[in-house]
Amino acid sequence: MSGDPQVLYQRHAAEINSYLRRCGHSRDDAEDLTQEVFTRLLGTSRPLHRQHLRAYLYTVARNLSTDVYRRQQVAPVSSMPEENYCDVPDPTPSLDRIVFGRQQLLTVQKALATLPATTRQAFELYHFGDLTVTQVAGKLNLSISRAWVLVKQATLHVHTRLHETAVGRLSDCAS
């Protein structure tokens, strides 16, 4: 990627958002998808040349839009006849899933506790507070690009800890 992420966002976000709205997404969904497009841009390891950047943004936006529509088509609730409601499996999780979920939660809490305060706050506001990266930046008095970097770093840190914990459990089972 070439250029400052904040400048790239300011230059292209409205255009990508408008494209997503034309694809039929609501204002809020288009905003969320636009944020996701730029988060993916930050996460790419491939060098992007200036002349390919716009095409990359549109490609990511189109793919995300398609994914959203596919997920909505998987199991639309309104298409199920009322007489089949009893056939729906019990959503109550098993004891194993509850224990596993609590272990994961503990791992996430421990991982977040090791992060610097601002990084942890950015992660929590974005993932648990349902704020956009722009809102996180405003709340923490950071630039948008800095907020993106902090959220990305924290997310990678948490995912790494979850992976390490899962691998550790698998090796315990194997021995």
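One is the number of the first residue; the rest follow in order along the sequence. Atoms considered below: every heavy atom in the structure, side chains included; atoms not considered: hydrogens, waters and symmetry mates.
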About how many Å separate [atom2] of [Y] and [atom1] of [X], when rounded to the nearest 0.5 Å?
X      : Y      : atom1 : atom2 : answer
Leu64  : Thr59  : CG    : OG1   : 11.0 Å
Lys110 : Arg161 : NZ    : CZ    : 12.0 Å
Asn17  : Thr34  : CG    : OG1   : 4.0 Å
Leu57  : Ile16  : CG    : CD1   : 5.0 Å
Thr107 : His159 : OG1   : NE2   : 12.5 Å

| Chi angles and distances behind the side-chain contact (heavy atoms from CB on, under 4.5 Å) call for Arg21, Arg27 | CA-CA 7 Å; Arg21 293 291 306 271; Arg27 193 179 121 264; 3.4 Å; yes
| message | Applying side-chain contact (heavy atoms from CB on, under 4.5 Å) to Leu112 and Val158, what does each step give before you reach the verdict? | response | CA-CA 7 Å; Leu112 290 175; Val158 168; 3.8 Å; yes
Mind listing the side-chain donor-acceptor pairs of residues 114-127 below 3.5 Å, one per line with the distance, residues two or more places apart or on another chain?
from   : atom 1 : to     : atom 2 : distance (Å)
Thr114 : OG1    : Ala111 : O      : 2.7
Thr114 : OG1    : His157 : NE2    : 2.9
His127 : NE2    : Thr155 : OG1    : 3.1

| request: Check the hydrophobic clustering (I, L, V, M, F, W, Y; side-chain heavy atoms under 4.5 Å; chains of links allowed) and say if Val37 and Val149 are grouped together. | output: no
| Is there a path of hydrophobic side-chain contacts, each under 4.5 Å between heavy atoms of I, L, V, M, F, W or Y residues, that connects Leu105 with Leu95? |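 They do not share one cluster, since no chain of ILVMFWY contacts under 4.5 Å joins Leu105 to Leu95.
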| task | List for me each residue that meets salt bridge (Lys or Arg N to Asp or Glu O under 4.0 Å) alongside Arg40, sequence neighbours excluded, and say none if there are none. | result |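 Scan of Arg40 (salt bridge (Lys or Arg N to Asp or Glu O under 4.0 Å), adjacent residues dropped) gives Glu36.
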What donor-acceptor contacts under 3.5 angstrom involve side-chain atoms of residues 133-143, with partners at least two apart or in another chain?
from   : atom 1 : to     : atom 2 : distance (Å)
Thr134 : OG1    : Gln35  : NE2    : 3.3
Gln135 : OE1    : Thr132 : N      : 2.8
Gln135 : OE1    : Thr132 : OG1    : 3.4
Ser143 : OG     : Ser145 : OG     : 3.3
Ser143 : OG     : Arg146 : N      : 3.1

Just to verify, what does [X] make a side chain to side chain donor-acceptor pair (under 3.5 Å) with, not counting sequence neighbours?
X     : result
Thr39 : none
Ser18 : Arg22
Asp67 : none

| query | For the ring pair Tyr69 and His25, is the centre-to-centre distance below 6.0 Å? | reply |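 For Tyr69 and His25, the ring centres are under 6.0 Å apart.
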| Worked check of side-chain contact (heavy atoms from CB on, under 4.5 Å) between Gln103 and Thr165 | CA-CA 9 Å; Gln103 289 171 339; Thr165 303; over 6 Å; no
| query | Using 30° and 60° as the class limits, which term best fits the ring planes of Tyr19 and Tyr58: parallel, tilted or perpendicular? | reply |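 Tyr19 vs Tyr58 ring planes: perpendicular.
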